[in-house]
Amino acid sequence: MAKIGFIGLGNMGLPMAQNLIKAGHDVTGFDVTPAGPAKLSEAGGKAAKEIGDAAAEMDFVITMLPAGQHVRDVYLGNGGVFARAKKGAVFIDCSTIDVETARAVIGEAEKKGFLMLDAPVSGGVGGAQGATLTFMVGGSDAAFAKAKPILDQMGKTIVHAGGAGAGQAAKICNNMILGISMIAVSEAFVLAEKLGLDKQKLFDISSKSSGQCWSMTTYCPVPGPVPTSPANRDYAAGFTAAMMLKDLKLSQEAAKAAGASTPLGANAASLYQKYADSGEAGRDFSGIINYLRKS
Ligand code: NAD
């Protein structure tokens with residue numbers, strides 16, 4: 001059993017922390033809003049009154065925060081994690097943030113003698129609840145070896161992607177593929193409609209031929225062919241358009257900084273921006289088919 005501080009108890013962080021309690025750990029949680037810590041207490045954890053109380057005396061500190069600036073504040077800020085953690089503590093940041101911030105914060109942790117990983121996830125709220133998340137992990141072998149047993153209790157697939165920032169790099173590359181492929185599949189269904197081709201026929205053919213991909217076979221953007229896809233529930237999220245836009249923007253920032261050419265990624269970001277701005281930011285990202293149909 002480990003003493004674990006968990007900071008950021010939102011849609012993802014709370015169920016992840018609850019799984020660590022179920023696995024027998026002593027979990028202390030903090031969030032700037034009171035609902036998450038209250039629910040954590042009900043589940044058998046402890047609610048911290050400030051960030052430092054979720055860091056002091058902990059073997060591990062895990063963070064699940066909205067963006068890079070929150071991660072900097074929580075780790076580097078006055079009374080933050082670095083200021084209060086004990087020697088030998090291991091930090092795991094599971095937020096999806098920019099590669100540069102991940103590398104900078106891990107660099108600061110290592111300067112202070114701490115082990116730290118970036119470990120963003122895929123699998124969504126369902127994966128967080130069911131402890132079936134995929135973790136894409138960046139950082140040293142020593143940090144990974146210590147954190148792996150804890151990550152195993154929140155996820156099913158744990159991949160050590162490389163050094164600091166490699167987890168974030170994997171996450172944004174993967175989601176850039178997803179954003180682009182969802183638009184590609186949606187455009188194909190819109191064209192099929194105009195050509196009088198039945199959507200089920202297109203699915204039957206493409207899901208078994210070279211157009212096959214996850215956006216087609218698991219998350220099909222038209223109702224019918226894949227009964228579990230959000231298209232069958234009026235595109236209730238799921239993974240919101242706002243979240244897809246966040247990840248596409250991160251991939252574009254990274255591409256710019258690294259000098260990589262990603263024209264389809266740039267177009268996907270621009271289309272998701274327009275879709276989100278049309279009042280659909282909270283709807284599932286596969287609903288972009290409705291935007292494409294109208295535009
Ligand atoms: P969320 O907004 O529900 O939760 C974030 C929590 O962090 C909130 O409760 C917020 O109050 C808290 N917070 C903000 N600043 C804080 C601070 N300074 N100290 C303590 N707590 C603070 O978001 P979420 O859906 O749980 O996502 C968290 C991260 O996981 C994001 O980076 C997101 O991109 C990533 N992610 C989300 C999903 C998903 O399906 N929701 C999937 C994969 C990855």
Side-chain angles (χ1 to χ4, degrees), residues 5-19 27-40 45 47-55 58 61-84 91-99 101-102 105 118-137 151 154-157 167-168 170-176 178-179 219 230 236-251 253-254 272 276 281-286:
F6 207 114
I7 301 172
L9 298 168
N11 293 324
M12 296 291 289
L14 178 65
M16 290 164 72
Q18 286 168 331
N19 282 328
V27 182
T28 302
F30 175 76
D31 196 292
V32 287
T33 61
K39 285 189 187 140
L40 192 77
K49 289 203 170 57
E50 55 184 44
I51 288 175
D53 294 338
M58 300 298 158
V61 178
I62 302 174
T63 42
M64 194 49 162
L65 298 161
Q69 190 55 51
H70 306 92
V71 172
R72 282 184 193 269
D73 291 349
V74 163
Y75 282 97
L76 306 171
N78 277 341
V81 175
F82 289 171
R84 295 287 300 279
F91 308 142
I92 309 170
D93 178 39
C94 299
S95 328
T96 300
I97 63 168
D98 57 289
V99 176
T101 297
V105 176
D118 56 298
V121 303
S122 80
V125 175
Q129 288 166 340
T132 57
L133 292 168
T134 293
F135 284 90
M136 299 156 242
V137 189
L151 297 176
M154 297 184 287
K156 202 163 75 174
T157 306
Q168 300 296 349
K171 168 86 186 175
I172 58 174
C173 287
N174 180 72
N175 280 17
M176 187 172 77
L178 176 61
Y219 219 77
F239 188 63
T240 63
M243 282 178 183
M244 175 50 81
L245 180 58
K246 172 192 167 180
D247 292 357
L248 287 170
K249 282 182 175 169
L250 287 174
S251 64
E253 276 172 32
Y272 271 101
R283 205 172 287 275
D284 191 78
F285 80 108
S286 60

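Both ligands and their constituent atoms are indexed starting at 1 by order of listing.
Proximity annotation for atom 31 (C) of ligand 1: of Thr33, Leu65, Leu14, Ile7, Leu65 comes nearest, heavy atoms only. Between atom 43 (C) of ligand 1 and the options Val121, Val74, Asp73, the minimum heavy-atom separation is to Val121.
Using a 4.0 Å cut-off between charged side-chain N and carboxylate O, Asp118 and Lys171 make no salt bridge.
Taking both residues in full, the closest heavy atoms of Gly8 and Leu65 are given as CA-CD2, 4.0 Å, listed atom of the first, atom of the second, then distance. Of all heavy-atom pairs spanning Phe82 and Val105, the tightest one is CZ-O, 3.7 Å. Closest heavy-atom contact between Ala102 and Gln168: CB-CG, 3.8 Å. For the pair Met16 and Phe6, the tightest heavy-atom approach, listed with the atom from each and the gap, is CB-CZ, 3.8 Å. Contact between Val61 and Ala54 at its shortest, heavy atoms only, is CG2-O, 3.9 Å.
A 4.5 Å side-chain heavy-atom check between Cys94 and Phe135 finds at least one atom pair inside the cut-off. When side chains are defined from C-beta on, Val99 counts as touching Ile172, because their heavy atoms get closer than 4.5 Å. No side-chain heavy atom of Leu133 sits less than 4.5 Å from a side-chain heavy atom of Lys156.
In terms of protein heavy-atom proximity, atom 30 (O) of ligand 1 is nearest to Met64 CE, 3.1 Å. Looking from atom 4 (O) of ligand 1 to the surrounding protein, the closest heavy atom is Gly10 CA, 3.3 Å. If you check which protein heavy atom lies closest to atom 17 (C) of ligand 1, you get Val32 CG1, 3.6 Å. Scanning the protein for heavy atoms near atom 14 (C) of ligand 1, the closest one is Pro66 CD, 3.7 Å. At the top of the distance list for atom 33 (C) of ligand 1, counting protein heavy atoms only, stands Lys246 NZ, 3.8 Å. Of all protein heavy atoms, the one closest to atom 36 (N) of ligand 1 is Thr96 OG1, 4.1 Å.
Using cut-offs of 30° and 60° on the angle between ring planes, the pair Phe285 and Phe239 is perpendicular.
Between Asp31 and ligand 1, at least one N/O pair is under 3.5 Å apart. An N or O contact shorter than 3.5 Å is missing between His70 and ligand 1 by distance. Taking only nitrogen or oxygen atoms, main chain and side chain alike, Asn11 reaches within less than 3.5 Å of ligand 1.
There is a protein heavy atom less than 4.0 angstrom from atom 40 (O) of ligand 1. Within the 4.0 Å cut-off (strictly below), no protein heavy atom is located near atom 23 (O) of ligand 1.
The contact set between ligand 1 and Met243, taken as ligand atoms under 4.0 Å from a residue heavy atom, comprises 25 (O), 39 (C), 40 (O), 41 (N). Counting atoms of ligand 1 from 1 in the listed order, those under 4.0 Å from a heavy atom of Lys171 are 43 (C), 44 (C). Heavy-atom proximity to Phe30, at under 4.0 Å, picks out these atoms of ligand 1: 19 (N), 20 (C).
Counting heavy atoms closer than 4.0 Å to ligand 1, residue Arg72 contributes nothing at all. At a 4.0 Å heavy-atom cut-off, ligand 1 touches Met12 through backbone and side chain alike.
Taken to the nearest 0.5 Å, the NE2 atom of His70 stands 12.0 Å off from the CG atom of Asp93.
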